[in-house]
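Fair warning: this is a prediction, and the values are worked out from it, not measured in the lab. Note that the numbering runs from 1 along the sequence shown for the chain. Whatever order the structure lists them in is the order used to number ligands and atoms, beginning at 1.
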Amino acid sequence: MSKKITVNTIQNYKKNNEKFSVLTAYDYSTAKYIDEAGTDIILIGDSLAMVALGYETTHGIGVDEMAVFTGAVARGVKHAMVITDMPFLSYHTDIPSAVTNCGRMIKLGANGVKIEGYSEYILEVIKRLVETGIPVMGHLGFTPQFLNTLGGYKIQGKSDEAVNEIIKQAKALEQAGVFSIVLEMVPQDSAKLITESLSVPTISCGAGKYCDAQVLVSDDVFGKFSDFKPKFARKYGDMKSLIYACAKQFNDDVKSGKFPCAEEVF
Ligand code: KIV
């Protein structure tokens, strides 16, 4: 397996115009296999609130839960860069608690954190985290933690004015020290303009092919989560059917006496 991916690897990808991949993971064994498959960045996304814990939005999860999932993923990963998505209210109230909460993830094995949005306060948080030695991934466009103020799952950056605003925000994030920026639910042509105006890589989450990288929620990729499927996600497998078939066969075997067999007993 190749060397550990770092902020320098990510910078070089952008410089050399090389695409890279980002997938979410929430547990040890999934993280291990995703890592072995050569994924560049593994994100403990706060999407886990929805796909792993059954909440309706990402708001329900807190720092203590993210810490448990961060430790589990970090223990499974050797090669990828591990990034923890900081949950709602974990960096919003004041800078000392933002540094403490983000630093806790680094102590558990994360190599950086992701924080959503743009404001003068967020720029200050980014600066302080980077000064502390914590790499930061930004997140613009549709930002799920702002679901209630954005008025729902809405595409962002559609008009010229809206794209220019995202470019302004992205440049400010870059200036503050982020090493990459997720662009979520932004039209492909807008994402192209944003990507071309930055020296840090953009990571598309439903923002099209011109971004420097692509991210998807692993449960969507594996065909495990089935409550809804975002338009931009691609299903590469049918884990839902596989889990159902295995559980059904086990159930049938127990009831018919086929499990356990001679080789499965002491
Ligand atoms: O929570 C998450 O998984 C995310 C990515 C999909 C970008 O924020």
Could you pull out every donor-acceptor pair under 3.5 Å between side chains of residues 248-262 and any protein atom, sequence neighbours left out?
from, atom 1, to, atom 2, distance (Å)
Lys248, NZ, Asp252, OD2, 3.3
Gln249, NE2, Asp253, OD1, 3.0
Asn251, OD1, Lys255, NZ, 3.0
Ser256, OG, Asp252, O, 3.0
Ser256, OG, Asp253, O, 3.4

* Show your working on side-chain hydrogen bond (donor to acceptor under 3.5 Å, both in side chains) between Thr70 and Thr84 and close with a plain yes or no. => CA-CA 7 Å; Thr70 293; Thr84 301; 2.9 Å; yes
* **Any Ser180 side-chain heavy atom under 4.5 Å of Thr202 side chain** =>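 SC-SC contact between Ser180 and Thr202 ruled out.
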* Where do Thr30 and Asp27 land on the side-chain hydrogen bond (donor to acceptor under 3.5 Å, both in side chains) test, with the steps shown first? -> CA-CA 6 Å; Thr30 309; Asp27 68 274; 2.7 Å; yes
Measure from every N or O atom of ligand 1 to the protein's N or O atoms and keep only the pairs below 3.5 Å, writing each with atom names and distance to 0.1 Å.
from, atom 1, to, atom 2, distance (Å)
ligand 1, 1 (O), Asp46, N, 3.2
ligand 1, 1 (O), Asp46, OD1, 3.0
ligand 1, 1 (O), Ser47, N, 2.9
ligand 1, 1 (O), Ser47, OG, 3.4
ligand 1, 1 (O), Asp85, OD2, 3.1
ligand 1, 3 (O), Ser47, OG, 2.6
ligand 1, 8 (O), Asp85, OD2, 3.4
ligand 1, 8 (O), Lys114, NZ, 3.2

With a 3.5 Å cut-off and sequence neighbours excluded, list the donor-acceptor pairs that the side chains of residues 111-119 form with protein atoms.
from, atom 1, to, atom 2, distance (Å)
Asn111, OD1, Lys4, NZ, 3.1
Asn111, OD1, Val82, N, 2.8
Lys114, NZ, Asp85, OD1, 2.8
Lys114, NZ, Asp85, OD2, 3.4
Lys114, NZ, His139, ND1, 2.6
Glu116, OE1, Gln145, N, 2.8
Ser119, OG, Tyr121, N, 3.3
Ser119, OG, Ile122, N, 3.0

* Going by the ring-ring contact (aromatic ring centres under 6.0 Å, His included) test, which pairs reach into residues 40-60, not counting sequence neighbours? ->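 Residue pairs passing ring-ring contact (aromatic ring centres under 6.0 Å, His included), neighbours aside: His59-Phe88.
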